[in-house]
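These numbers were taken from a predicted model, which means no experiment stands behind them. Numbering of ligands and ligand atoms starts at 1, following listing order.
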Amino acid sequence: MENTFYKGSAYINGKFVDSEKTIPVISTIDGSTIGSVAALSKKDIDMAFEGAHLAFNLWRNLTPEMRIKKIKEFAEYFIAEKEFLATLMSYEIGKSYNDALKEVERSYENIFETIEVYEKEFVNPSVIGPEVNKIKGKTGYFYNVPVGVVLAIAPFNYPINLGLAKIIPTLLVGNTIVFKPATQGSLVSSQLAKYFDQANFIAGVFNLVTGKGSEIGDYILENKRIQGATFTGSSDIGFKLASKLPMKPLVLELGGKDAAIVTNNADVELAAKEIIKGAFGYSGQRCTAIKRVLVTKEIADDLLIHLIKEAQKLKVGNPLNNPDITPLIDRKAVDFNIDLIDDAINHGANLVYGGNIEGYNLLRHTILDNVSTKSKLAWEEPFGPVLPIIRVSTINEAIAIANASEYGLQGSVFTKDLEEARTIAKYLDTGTVNINRGSSRGPDIFPFIGIKKSGFGVQGIRDSLKAMTRVKGIVENE
Ligand code: NAP
Ligand code: G3P
């Protein structure tokens, strides 16, 4: 891997495509250039959508068994290179090697779970389609059919998992796809194109377009061939996408500001362990990271002691050595987190752990106590290893602060009293509430929901299959 230069080609209509203009890919480990990604022209983008459009009829008219067979072939080429993919991910996005490997393995398992649900619930006519309705001399057959050409856009933090969680269900139900990965994440994503190519898919069924979102994104969103879109990333870009694609099926998985509420009845040791794991896994670069702690004043000191004890156990360093805390995606992310820390301190917070930069883009995991609700850190998503503790007088105050967020992805409640947990869970305005555990997307068969600024539509193995279909009726008259 060392000294290897990776070329991230695009993949359009069954052919790898390079461009004159390229974007350098900088290693998160040490800032060296590890490769380059094609910066596609508008013409290339048009070709990708045309290819997807032309392939749609061929692909959707294959039998489900034929589509499943192709996807299984893809899966085997993909998993055969799992160690290589994990290493590349460590260099490109700074994920620890073991976590990157887990991401690849999880994605492989998801492919088969998705196929299983598709076979059981979407192919069998007695369950979904045709549903036969006989009334007033009419017989109606209602089918789930693919929507057509789907645009899928993924973020940098789970390039494989979030990429395939969109691509596989979209293709299985008969759509074709134009996939735009994050620029930092394009090297590993361009490998996916290689496996589709090896599995000999019909040209145009899967297309990979690369280039900076800020330069080519608006042009992509304007393409008239797009019939549906599935996006994961920041709320700002998600809103932009929604405004450009009115009246189309959309799934948006956006930002979060997940709160962990710790009550007087909590097992404080367990809460501290879960909060540290939840806040600092992949250095906080998870939508489902715990991004604030709301704790009652009576137990805040005790919780803090345990949080610091757990924080001290975390290892910091090079992703290839499997530490807990790794370099952030880029310098801009480090600067953004430092600004949030400074602002919190200026509003009276106490820096109780971390706060310092240790090497290339590596911000030590940081805990701030007594964070004021006037500071930016109380409301903004750091997408880095910075955890604010907000002390509250009552649980009602905790719920009110949790719900005052613009985001509504997930939340956690820590208490040994299950009735108390259920009551708090009922009042939290989020997609999901986790009792005595940190937030989590998985198990992937569960619906994954974001409300308010955190999303639109539902993801998850079953829901993603449904998301890119529409209902079509044929009515026979007596
Ligand atoms: P981002 O900056 O919004 O980028 C996401 C994707 O959008 C990238 O592929 C990006 O390409 C592309 N993009 C940027 N500008 C665009 C435009 N004008 N038109 C079309 N596409 C455009 O997000 P990120 O920094 O990669 O990821 C972090 C964010 O994702 C956080 O807010 C996090 O909470 C959220 N996230 C949410 C979930 C969830 O399930 N709810 C999961 C993971 C992450 P470039 O890379 O080329 O800019
Ligand atoms: O931020 C990406 C999201 O999918 C997180 O997944 O499993 O780490 O909660 P997970």
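- Ser41 and Asp44 share a side-chain donor-acceptor pair at under 3.5 Å.
- Closest protein heavy atom to atom 6 (O) of ligand 2: Arg441 CB, 3.4 Å.
- To the nearest 0.5 Å, atoms CG (Asn337) and NZ (Lys332) are separated by 12.5 Å.
- Residue Asn157 touches ligand 2 through its side chain alone, judged by heavy-atom distances below 4.0 Å.
- Annotation: atom 8 (O) of ligand 2 to nearest protein heavy atom, Tyr158 OH, 2.5 Å.
- The shortest separation from a heavy atom of Gly211 to ligand 1 is under 4.0 Å, placing the residue in contact.
- For Arg286, the heavy-atom gap to ligand 1 stays at 4.0 angstrom or more.
- Under a 4.0 Å heavy-atom criterion, Ile220 is not in contact with ligand 1.
- Both tests hold for Lys95 against Tyr158: distance to the six-membered ring centre under 6.0 Å, angle to the ring axis within 45°.
- From the protein, the heavy atom lying nearest to atom 7 (O) of ligand 2 is Arg106 NH1, 3.0 Å.
- Close N/O approach between Gln184 and ligand 1 is not found [any backbone or side-chain N/O within under 3.5 Å].
- At a 4.0 Å cut-off, not a single heavy atom of Gly455 sits close enough to ligand 1 to count as contact.
- Using a 4.0 Å cutoff on heavy atoms, Phe231 counts as a contact of ligand 1.
- Contact detail for Leu363 and Pro385: the closest heavy-atom pair is O-CG, 3.5 Å.
- No part of Glu103 comes within 4.0 Å of ligand 2, judged by heavy-atom distances.
- Looking at Ser235 against ligand 1, nothing comes within 4.0 Å, counting heavy atoms.
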